[in-house]
Amino acid sequence: MAAAPIPLAAGTILIAEPALRDANFRRTVVLLCEHTPDGSFGLILNRPTGLQLSDVLDAPLGFDADLLQGGPVQLDTLHFLHPYGTAIDGALPILNGVWWGGDFEEAVAEVQSARVDPDAFRFFAGYAGWGPDQLAEEVAQDGWVVRPGHARFVYDSDAQLWRELVLALGGEYRLLANFPDDPSLN
């Protein structure tokens, strides 16, 4: 008997199917932060920009951090994940040990006062968004593998996260995880 599908919900991750050709999502892992009848919102966990937070903000913060591309939508917006829960007003729980957003100025003040560790934050430019039923349709068309999320995917991830998770899927995925991004270059 096949396992029941994992429902789309905040805290699940989306692993791009190896055959997904959309350049915006090719070989990505997305943490779903919100899934409602009105649409879905997520952040790509494994797409570094090569920029630092200080490269995109005008005011000095007293700390710096890598900036990830959260998705192709509104690249001029800043989003962040952290483990500090209600210590940051307005933060929303996503999964055990992972909170989304909150008051940015308060987060900066908490870092500057040394009450929280700046290295525990993950910052994202832009986000991934889907309209009503769009994400469910993409999953039904085998565009995404849905799995439970885990804090380590957020805090310990790097550009190799997609490959690691595809390998963990086993079966035919093990071969596809090692397949070159562009087979013509092989």
Side-chain angles (χ1 to χ4, degrees), residues 6-16 24-25 28-130 135 144-165 168:
I6 296 167
L8 292 168
T12 55
I13 59 166
L14 308 172
I15 304 167
N24 291 310
F25 294 107
T28 61
V29 177
V30 177
L31 175 65
L32 202 53
C33 297
E34 185 175 72
H35 180 72
T36 70
D38 296 327
S40 303
F41 174 100
L43 296 168
I44 297 174
L45 298 176
N46 63 323
R47 180 136 320 142
T49 64
L51 298 172
Q52 296 288 298
L53 193 56
S54 61
D55 294 330
V56 298
L57 296 179
D58 293 332
L61 301 176
F63 69 96
D64 214 351
D66 292 335
L67 185 64
L68 297 159
Q69 182 181 338
V73 182
Q74 293 185 344
L75 291 171
D76 61 343
T77 60
L78 182 68
H79 306 274
F80 59 102
L81 299 171
H82 57 86
Y84 297 113
T86 57
I88 311 292
D89 285 338
L92 300 172
I94 300 303
L95 56 94
N96 189 22
V98 178
W99 294 70
W100 168 35
D103 184 303
F104 180 73
E105 279 109 24
E106 183 178 337
V108 170
E110 290 292 308
V111 168
Q112 290 172 340
S113 69
R115 288 189 290 268
V116 300
D117 180 3
D119 294 334
F121 287 85
R122 296 295 173 263
F123 294 94
F124 303 86
Y127 64 91
W130 295 267
L135 181 56
W144 299 98
V145 176
V146 182
R147 290 291 180 261
H150 192 282
R152 80 172 178 81
F153 301 150
V154 174
Y155 303 120
D156 298 334
S157 67
D158 61 20
Q160 294 301 310
L161 180 62
W162 178 86
R163 183 179 178 279
E164 293 167 16
L165 292 174

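Two residues are said to be in side-chain contact when any heavy atoms from C-beta on lie closer than 4.5 Å; Phe121 and Leu53 fail this criterion. Contact check for Arg147 versus Ile15: side-chain heavy atoms found under the 4.5 Å cut-off. The closest side-chain heavy-atom distance from Leu51 to Asp66 is not below 4.5 Å. Looking at heavy atoms from C-beta onward, Asn46 lies out of side-chain contact with Arg163 at the 4.5 angstrom threshold. Residues Leu14 and Val146 are in side-chain contact: their nearest non-hydrogen atoms beyond the backbone lie under 4.5 Å apart. Residues Leu68 and Ile44 are not in side-chain contact: their nearest non-hydrogen atoms beyond the backbone lie 4.5 Å or more apart. In this structure the side chain of Ile13 reaches within 4.5 angstrom of the side chain of Leu165, judged on heavy atoms. Put simply, the side chain of Ser54 does not reach to within 4.5 Å of the side chain of Leu61, judged on heavy atoms.
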Which donor-acceptor pairs under 3.5 Å do the side chains of residues 88-105 make with protein atoms, sequence neighbours left out?
from   : atom 1 : to     : atom 2 : distance (Å)
Asp103 : OD1    : Glu105 : N      : 3.0
Asp103 : OD1    : Glu106 : N      : 2.7

Worksheet entry | Working for side chain to side chain contact (heavy atoms under 4.5 Å, CB included), residues Phe124 and Thr77 | CA-CA 8 Å; Phe124 303 86; Thr77 60; over 6 Å; no

Worksheet entry | Test side chain to side chain contact (heavy atoms under 4.5 Å, CB included) applied to Leu43 and Leu32, step by step | CA-CA 7 Å; Leu43 296 168; Leu32 202 53; over 6 Å; no

Item to complete: Kindly determine whether Asp55 and Leu67 satisfy side chain to side chain contact (heavy atoms under 4.5 Å, CB included), including the steps that lead there.
Response: CA-CA 9 Å; Asp55 294 330; Leu67 185 64; over 6 Å; no

Practice prompt. Output, in order, the C-alpha distance, side-chain angles, deciding distance and verdict of side chain to side chain contact (heavy atoms under 4.5 Å, CB included) for Leu45 and Val154.
Written response: CA-CA 6 Å; Leu45 298 176; Val154 174; 4.3 Å; yes

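Nearest heavy-atom pair across Ser113 and Glu110 is OG-O, 3.0 Å. Here the shortest heavy-atom pairing between Ala120 and Pro83 reads O-CD, 3.5 Å. Closest non-hydrogen pair, Val111 versus Pro118, comes out as CG1-CB, 3.6 Å.
Using cut-offs of 30° and 60° for the angle between ring planes, the Phe123 and Phe63 rings count as tilted.
Residues satisfying the ring pair (Phe, Tyr, Trp, His ring centres under 6.0 Å) criterion with His79, sequence neighbours excluded, are Phe41, Tyr127. Residues meeting the ring pair (Phe, Tyr, Trp, His ring centres under 6.0 Å) test with Tyr155, sequence neighbours left out: none.
Residue Phe80 holds its CZ atom at 13.5 Å from CZ of Arg122, rounded to the nearest 0.5 Å. Rounded to the nearest 0.5 angstrom, His150 NE2 and Leu31 CG are separated by 12.5 Å.
Under a 3.5 Å cut-off, the side chain of Arg47 and the backbone N or O of Asn24 do form a donor-acceptor pair. Side-chain atoms of Thr36 come within 3.5 Å of backbone atoms of Asp38 as a donor-acceptor pair (strictly under, hydrogens ignored).
Looking at Thr12, Thr28, Leu8 one by one, the single match for side chain to side chain contact (heavy atoms under 4.5 Å, CB included) with Trp144 turns out to be Thr28.
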